[in-house]
Amino acid sequence: MVVAVDRVAGRAFGKSLAHAWDSVWYLHIAEHGYGTRVRITSTGAVQTDWAFFPLYPGLIRALSGLLHLTAGQAGLLIAWGCALIAAYAVYAIGHHLHGRDVAIALVALWAVLPHAVVLGLAYTEPLFTACAAWSLYCVLRGRWLAAGSFALLAGLSRPSGIAAAAAVTTAAVYEAVRRRGRVPPGLWAGTVLGPLGWIGYVLWVGGRTGDLLHGYFRVQSAWNSRLDLTVGPLRLLRSMPLHGTGPAYPMAVIVVLAGILLFCLLCLDRAPLSLVVFSGVLLLLVVAVSGPFSSKPRFLVPAFPLLLPAARALATTWRTRRPRAHRVYGALAAVSLLYGGYLATLAPKPL
């Protein structure tokens with residue numbers, strides 16, 4: 001099935017779902033390992049594949065060898081499977097907090113985000129969301145060792161994996177203070193496990209570059225990804241009216257601003273601390289770190305807790321005014337389908 005779907009997409013749109021933008025880097029790592037360098041002639045910067053975290057290409061390598069698939073086919077199969085696992089975790093969190101109706105609405109809204117198309121490509125967002133969401137669910141259920149283990153995997157999947165570790169650590173410290181030191185089993189073990197994946201890879205890259213503590217961040221800087229406290233995004237926003245940016249940048253601005261608003265609503269809604277911290281760290285990384293602005297909404301796809309207030313409102317509308325709920329959701333789904341198709345097939349800038 002994965003082969004057929006990829007071939008149909010390739011014939012229809014001229015692009016493979018498995019070889020879109022950054023997917024090529026992950027597939028190359030899976031097939032050949034780390035060590036590729038590319039010099040950008042316009043800037044002189046040397047970009048290396050050490051910027052890409054190892055869990056996804058490692059899984060691709062393992063699955064392609066086990067099932068005799070190409071790396072691209074294995075990458076798509078993993079992404080699609082992880083998207084389903086992530087959706088179930090999102091549902092479980094919504095059900096635990098607010099019941100079945102809100103859980104269904106939460107998954108439904110997450111599935112029609114403007115950049116939800118990334119869940120069907122050979123990207124790391126499905127894997128990261130699955131690991132992070134199950135980590136958050138385990139925190140809510142008090143399963144600290146499992147929460148730390150999932151956070152460790154999230155930290156091995158993406159640079160933003162540190163958000164899952166921050167959520168586990170913050171929630172664990174709060175729980176310890178609330179219980180006045182009488183902590184439940186596995187709490188401190190889970191807290192220690194959480195950041196080990198992210199820290200381990202960052203230190204490994206630092207060791208390869210010869211600068212243990214700063215090497216990874218220099219690698220990311222070559223990809224124009226550095227902490228600049230919104231200076232980069234603001235500079236881009238000032239230039240947008242002067243250049244033909246297409247719909248990607250205006251949509252990115254709308255999504256990021258909506259994310260900030262939804263985060264404020266999440267805090268006012270008194271959501272669990274772990275969900276607030278996870279979403280807040282992801283949003284901070286989007287706003288305060290430079291990089292391709294058109295990609296920033298993609299980085300917010302895993303921040304599903306931001307949708308909780310909207311999911312509660314949609315569930316209420318569903319119960320009281322079902323036709324209106326159908327119209328609202330239908331409009332969101334149409335926008336997601338059309339814009340996602342544009343991003344995956346026609347957009348000139350990286351997704």
Side-chain angles (χ1 to χ4, degrees), residues 1-34 36 49 51-92 107-108 110-135 137 146 149-161 164 197 201 295 298-299 301-302 304 336-337 340-341 343-345 347 350-351:
M1 184 183 72
V2 63
V3 180
V5 172
D6 194 33
R7 285 179 178 174
V8 169
R11 291 173 181 173
F13 305 114
K15 289 187 178 180
S16 167
L17 298 177
H19 296 82
W21 305 116
D22 287 351
S23 300
V24 176
W25 285 91
Y26 288 110
L27 299 181
H28 190 273
I29 294 169
E31 294 177 315
H32 306 288
Y34 283 99
T36 299
D49 54 10
F52 299 91
F53 276 55
L55 182 58
Y56 185 50
L59 291 175
I60 293 174
R61 188 182 186 93
L63 187 63
S64 61
L66 182 64
L67 300 182
H68 304 290
L69 301 172
T70 67
Q73 293 162 3
L76 284 179
L77 193 60
I78 292 169
W80 296 347
C82 286
L84 292 176
I85 294 171
Y88 184 58
V90 172
Y91 173 87
V107 175
W110 182 64
V112 297
L113 288 172
H115 289 67
V117 65
V118 74
L119 300 174
L121 305 179
Y123 266 58
T124 55
E125 274 71 19
L127 173 62
F128 170 60
T129 307
C131 295
W134 282 113
S135 177
Y137 177 75
S149 300
F150 280 117
L152 184 152
L153 294 176
L156 285 171
S157 61
R158 284 193 54 77
S160 51
Y201 183 69
S295 298
R298 170 168 65 87
F299 303 153
V301 168
F304 65 89
S336 175
L337 180 63
L343 288 176
T345 60
L351 174 61

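Side chains included, hydrogens not; waters and symmetry mates left out as well; all remaining heavy atoms used. Just so you know, these numbers come straight off a predicted model, no measurement behind them.
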[X] versus [Y], closest heavy-atom pair with distance:
X      : Y      : result
Pro57  : Ala30  : O-CB, 3.4 Å
Ser23  : Ala122 : OG-O, 2.7 Å
Arg61  : His32  : NH1-N, 4.3 Å
Asp49  : Tyr34  : O-CE2, 3.2 Å
Ala164 : Ala154 : CB-CB, 3.9 Å
Gly197 : Leu156 : O-CD2, 3.4 Å

Is a side-chain donor or acceptor of [X] paired with a backbone partner of [Y] at a separation under 3.5 angstrom?
X      : Y      : result
Trp110 : Val301 : yes
Tyr123 : Asp22  : yes
Ser64  : Ala74  : no
Tyr56  : Gly75  : yes

Whether Tyr88 and Tyr91 hold their rings parallel, tilted or perpendicular, with breakpoints at 30° and 60°: parallel
Ring geometry between Phe52 and Tyr26 (parallel below 30°, tilted from 30 to 60°, perpendicular above 60°):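 Perpendicular.
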Ser160/Phe299 under side chain to side chain contact (heavy atoms under 4.5 Å, CB included): CA gap, chis, key distance, verdict: CA-CA 8 Å; Ser160 51; Phe299 303 153; over 6 Å; no
If I take atom [atom1] from residue [X] and atom [atom2] from residue [Y], how far apart are they, to the nearest 0.5 angstrom?
X      : Y      : atom1 : atom2 : result
Trp80  : Leu121 : CH2   : CG    : 9.5 Å
Phe150 : Tyr137 : CZ    : OH    : 11.0 Å
Leu69  : Leu77  : CG    : CG    : 6.5 Å
Leu127 : Leu153 : CG    : CG    : 8.0 Å
Leu152 : Leu55  : CG    : CG    : 9.5 Å
Leu27  : Leu76  : CG    : CG    : 8.5 Å

Side chain to side chain, Ile85 and Trp134, heavy atoms closer than 4.5 Å: yes
